[in-house]
A.B. asks: 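The structure under discussion is supplied below as structure tokens; questions concerning it will follow.
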Amino acid sequence: MNGAVLLFLGLGLLEAEGRCFLNRTQKHCVCYNLSEESVGSIIQCFPASVVEFRGGELERYIAFPITDLDTSTTEMLGSLVIRKIIFGDLLVPEILLARVLRFFSYTQVQELAFESCVFEGRGNWDEMADQNLPILSLHFHNVTSAPLTGREQDLSSLSSWLETLQELAVTGSHVTSLPCGIGRVFRALRSLDMAQNSLGDESLMPTFCKGAFPQLQVLSLQRNNLTSYHSVCESMQLLPELQHLDLSQNKFMADPSSSCQFPVSLQILNLSNTGLDEVLTPLPPHLEVLDLSCNHLHAVDISLSSLKKLFLSQNVLQAAPSIRNYPMLDTLHLDNNLITELPGDEVKLLGHLQDVAAAGNPYNCSCSGAGGLQALAGTGHLGQGWPRDYVCHSPPRYQGRLVKEVPVSVLQCNSAAVIAPLCIALASLGVAGAICLVRSRPGLIRPCHRV
Ligand SMILES: *[C@@H]1O[C@H](CO)[C@@H](O)[C@H](O)[C@H]1NC(C)=O
Ligand SMILES: *[C@@H]1O[C@H](CO)[C@@H](O)[C@H](O)[C@H]1NC(C)=O
Ligand SMILES: *[C@@H]1O[C@H](CO)[C@@H](O)[C@H](O)[C@H]1NC(C)=O
Ligand SMILES: *[C@@H]1O[C@H](CO)[C@@H](O)[C@H](O)[C@H]1NC(C)=O
Ligand SMILES: *[C@@H]1O[C@H](CO)[C@@H](O)[C@H](O)[C@H]1NC(C)=O
């Protein structure tokens, strides 16, 4: 017990009146402004899997005597179920952190997060040399610290731990570059999240230098200061395992077309909200998920044979892309574009499509337009928003009405959307199958049931 209290004391959290609150259902415990008097209430947190410390100032405890722990204490630390510790709104002297970090080797804490913290000064990390910590995931959000450049000694002291780290996030912290040497230490890192920083085009090459992050699979560069898709592509060349790249919320300029190829391992690419007027090329050849939502795209005429999910909401498309270009597609989102008609027949031809969303478009509810959508809705694959957000803009007599309410009579609408299923039904009954196939070809549109 003493040891744990000491450990958490060492990590500070000591301010006027403070207390810990445990939510048993969530196994989440939050401690506010713990003080020396109230530190005993940490006991409440022992059944929690997530413990959060908010507020306080640790500066006063820099000289706090932290001795080695006895066996019963280390055993007790090992029996705690705490998996994640969050430090928030704290001033953290690095010296103190360096002194207490090694105690985590007795715990089963896998995730450590610092939110809105200021790291002060420089710690001496020598004691961490050859220490292995169970922490696999390290998160920093909105933190400030001394610059990372010139910290080779610190990194090498921490290397036996950092070499095993799997997830690192440094978000919202005004980072403009990561020195090459840092990436070389993180040899097992799978996921790197650098969202909401100030990384520019020219800072990527040095960050992803030769030997940096050799096992990286997931990389987020969301909301940085990137403008050149070509530079991004060039700097990804040395990440052979990269599967998921998030470039959303940058502002890409029109690049002269480039021959740079992304790693073939790349499967998920997020280009949402990147100011695009046209689709950037080249795209990774084996892409399975492509998010191009929230841009200014007028047309999408690319072919990707492995693509499963295509997100095109919030653009200015006047027509849905031809689904024939994506034989594996199961998800297609087209909400809030300028599409007047969905080709219901084409959609039905593709067996893989399971999730189509196309709300908020100015639909033409002539009978073929409404019929196509109604047929699609009938398959049960139209996602959220049907029927409420599917509204007719034309012709005048249906303006403002729901697409669902437009009467579509089989006799009136010579649409392939209606004919195709009828033909299939008839053909399966063995009735005039051949005639149906001929008659439903474009230019020969005539309702099958007259046969
Ligand atoms: C614990 O968390 C759940 C889920 O957020 C919430 O519904 C519940 O009210 C919380 N319990 C307490 C005691 O705060
Ligand atoms: C970021 O952290 C600072 C303290 O370093 C805090 O004052 C500020 O409110 C935080 N900002 C956000 C958006 O959380
Ligand atoms: C972002 O990039 C532009 C042009 O490269 C530069 O002028 C600007 O200072 C950068 N902003 C930040 C916050 O780094
Ligand atoms: C792409 O990024 C945006 C945030 O910028 C996010 O809302 C969206 O879910 C991401 N898309 C995918 C497919 O993960
Ligand atoms: C709506 O569709 C009908 C039939 O295809 C067509 O004649 C008409 O011009 C279209 N109206 C608009 C506003 O696109």
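Just so you know, these numbers come straight off a predicted model, no measurement behind them. Just so you know, ligand 1 is whichever comes first in the structure, and atom 1 is the first atom listed for that ligand.
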A.B. asks: Can a protein heavy atom be found under 4.0 Å away from atom 10 (C) of ligand 1?
C.D. replies: yes
A.B. asks: For S198 and H174, which I'm curious about, is there any donor-acceptor pair between the side chains at under 3.5 Å?
C.D. replies: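 No, no side-chain donor-acceptor contact under 3.5 Å.
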A.B. asks: What residue and atom, counting heavy atoms only, is the protein's closest point to atom 6 (C) of ligand 1, and at what distance?
C.D. replies: N23 ND2, 4.2 Å
A.B. asks: Just checking, is any N or O donor in the side chain of H333 or T331 under 3.5 Å from an acceptor N or O on the other one?
C.D. replies: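 Short answer, no.
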A.B. asks: Between D201 and T227, do the side chains contain a donor N or O and an acceptor N or O under 3.5 Å apart?
C.D. replies: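 D201 and T227 do have a side-chain donor-acceptor pair below 3.5 Å.
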A.B. asks: Students should be able to answer this: which protein heavy-atom is nearest to atom 5 (O) of ligand 5, and at what distance?
C.D. replies: S366 OG, 4.0 Å
A.B. asks: Given that the side chain starts at C-beta and the backbone is N, CA, C, O, which of these parts of R223 lies under 4.0 Å from ligand 4, counting heavy atoms, or is it both or neither?
C.D. replies: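 Within the 4.0 Å criterion, R223 makes no contact with ligand 4.
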A.B. asks: Distance under 4.0 Å to a non-hydrogen atom of Q26: what atoms of ligand 1 satisfy this?
C.D. replies: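 Contacts of ligand 1 toward Q26, numbered from 1: 2 (O), 4 (C), 5 (O).
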A.B. asks: Report the member of N273, L290, N270 with the shortest heavy-atom distance to atom 8 (C) of ligand 4.
C.D. replies: N270
A.B. asks: For atom 2 (O) of ligand 5, find the nearest protein heavy atom and state the residue, atom name and distance (0.1 Å precision).
C.D. replies: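 Of every protein heavy atom, N364 ND2, 2.3 Å lies nearest to atom 2 (O) of ligand 5.
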A.B. asks: Tell me the protein heavy atom at minimum distance from atom 13 (C) of ligand 5, and give that distance in Å.
C.D. replies: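 Protein heavy atom with the smallest distance to atom 13 (C) of ligand 5: S394 OG, 3.6 Å.
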A.B. asks: Could you list which atoms of ligand 4 come closer than 4.0 Å to a heavy atom of Q222?
C.D. replies: 4 (C), 5 (O)
A.B. asks: Of the options C29, C45, C31, which is the one that meets C20 in a disulfide bond (SG atoms under 2.5 Å apart)?
C.D. replies: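 Single pass found, and it is C31.
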A.B. asks: Other residues, nucleotides and ligands only: do more than 12 of their heavy atoms fall within 6.0 Å of CZ on R83?
C.D. replies: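 Result for CZ/R83: enclosed.
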A.B. asks: Numbering the atoms of ligand 4 from 1, which are under 4.0 Å from a heavy atom of S248?
C.D. replies: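 Under 4.0 Å from S248, ligand 4 has these atoms: 2 (O), 4 (C), 5 (O).
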A.B. asks: Classify the side-chain pair H298/Q318 by whether it contains a donor and acceptor separated by less than 3.5 Å.
C.D. replies: no
A.B. asks: I'd like to check which ligand 4 atoms, numbered from 1 as shown, lie under 4.0 Å from a non-hydrogen atom of Q249.
C.D. replies: 4 (C), 5 (O)
A.B. asks: Among side-chain atoms of T25 and N23, is any donor-acceptor pair under 3.5 angstrom?
C.D. replies: yes
A.B. asks: Hydrogens and angles aside, do Q222 and D246 bring a side-chain donor and acceptor to less than 3.5 Å of each other?
C.D. replies: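 Yes, because at least one side-chain N or O of Q222 sits under 3.5 Å from a partner of the opposite role on D246.
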